[in-house]
Amino acid sequence: MKPVPLGAKGRFTLDVKPQHLANQFKDPTLPPVLATPVMILAMENAALNAIRSYLEPGEAAVGTIVDVRHIAATPAGQRVTAEAEVTGVDGRRLVFAVTAHDEIEEIGSGTHERMVIDIARLEQHLEAKRARSPAGR
């Protein structure tokens, strides 16, 4: 991994569609508003976009901690923009301040952490885990 500077920023936009709504994505009894996991997805993608150019070939950055508040509802048809800024770097651990806005207001904010990993090493670990699975799945 190349050195990641504090303040590196990324964005991700999402046009909210019916499949992103809580009543479609999770439970039909919920209101037709953006589901919290989808907002978090946008925030995580913004964090990835903030550091993508610092990753070496064969590396990825996986999410390890999400601590966010979803504070306002967003209906289908609006665009959500998530932003992430690197606020901490500790070796391969990266910390981000994340926010999300719809076309009217801020809808969420918090912190997110990712860990830079070696993809080949992860694949070896997963293969060993599959081999130990009771049904060989």
Would [X] end up clustered with [Y] when hydrophobic side chains under 4.5 Å apart are linked, directly or stepwise?
X      : Y      : result
Met43  : Val38  : yes
Ile117 : Val66  : no
Leu34  : Val68  : yes
Val33  : Val16  : no
Leu6   : Met115 : no

Show your working on side chain to side chain contact (heavy atoms under 4.5 Å, CB included) between Glu59 and Arg92 and close with a plain yes or no. CA-CA 11 Å; Glu59 290 181 330; Arg92 297 174 92 60; 3.3 Å; yes

Gap separating the [atom1] atom of [X] from the [atom2] atom of [Y], nearest 0.5 angstrom:
X      : Y      : atom1 : atom2 : result
Glu56  : Asp118 : CD    : CG    : 11.5 Å
Leu41  : Phe12  : CG    : CZ    : 6.0 Å
Lys129 : Leu122 : NZ    : CG    : 10.0 Å
Leu21  : Gln19  : CG    : CD    : 8.0 Å

Without placing hydrogens or testing angles, list every side-chain donor-acceptor pair under 3.5 Å for residues 104-112, not counting sequence neighbours.
| unit_1 | atom_1 | unit_2 | atom_2 | d |
| --- | --- | --- | --- | --- |
| His112 | ND1 | Ile65 | O | 2.8 |
| His112 | NE2 | Arg114 | NH1 | 2.8 |

Listed partners of Asp15 passing side-chain contact (heavy atoms from CB on, under 4.5 Å), at least two apart: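 Checked Asp15 against side-chain contact (heavy atoms from CB on, under 4.5 Å); matches are Arg79.
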
Quick one, Tyr54 with Val116, criterion side chain to side chain contact (heavy atoms under 4.5 Å, CB included). Give me CA distance, side-chain angles, the key distance, then yes/no. CA-CA 10 Å; Tyr54 301 100; Val116 177; over 6 Å; no

Are Glu113 and Arg93 within salt-bridge range, i.e. N to O under 4.0 Å?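 Yes, Glu113 and Arg93 are salt-bridged.
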
Taking the side chain as C-beta and beyond, is there a heavy-atom pair between Thr74 and Val80 under 4.5 Å?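 When only atoms from C-beta onward are counted, Val80 and Thr74 do touch, with a gap below 4.5 Å.
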
Just so I know, are the side chains of Lys26 and Pro37 near enough to count as touching, which here means a heavy-atom distance under 4.5 Å?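 Lys26 vs Pro37: side chains touch.
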
For [X] and [Y], work out which heavy atoms get closest and say how close.
X     : Y     : value
Pro18 : Ala76 : N-CB, 4.5 Å
Ala8  : Ala50 : CB-O, 3.8 Å
Ala46 : Ala82 : CB-O, 3.6 Å

Is it the case that the side chain of Gln78 and the backbone of Asp102 share a donor-acceptor pair, with hydrogens and angles ignored and the cut-off at 3.5 Å?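 The answer is no, because no donor-acceptor pair under 3.5 Å joins these two groups.
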
Expected output: side-chain Asn49 to main-chain Arg11 donor-acceptor under 3.5 Å: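 Looks like yes, one N/O pair under 3.5 Å.
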
Quick one: do His101 and Thr81 satisfy side chain to side chain donor-acceptor pair (under 3.5 Å)? Show the steps, please. CA-CA 5 Å; His101 295 78; Thr81 301; over 6 Å; no

From CA spacing to verdict: side chain to side chain contact (heavy atoms under 4.5 Å, CB included), Val95, Val86: CA-CA 6 Å; Val95 182; Val86 175; over 6 Å; no

Lys17 atom NZ, neighbour heavy-atom count above 12 within 6.0 Å: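 Count not over threshold, so no.
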
Side chain to side chain contact (heavy atoms under 4.5 Å, CB included), that's the test. Do Lys9 and Glu83 meet it? Break it down for me. CA-CA 7 Å; Lys9 294 180 181 179; Glu83 297 179 329; over 6 Å; no

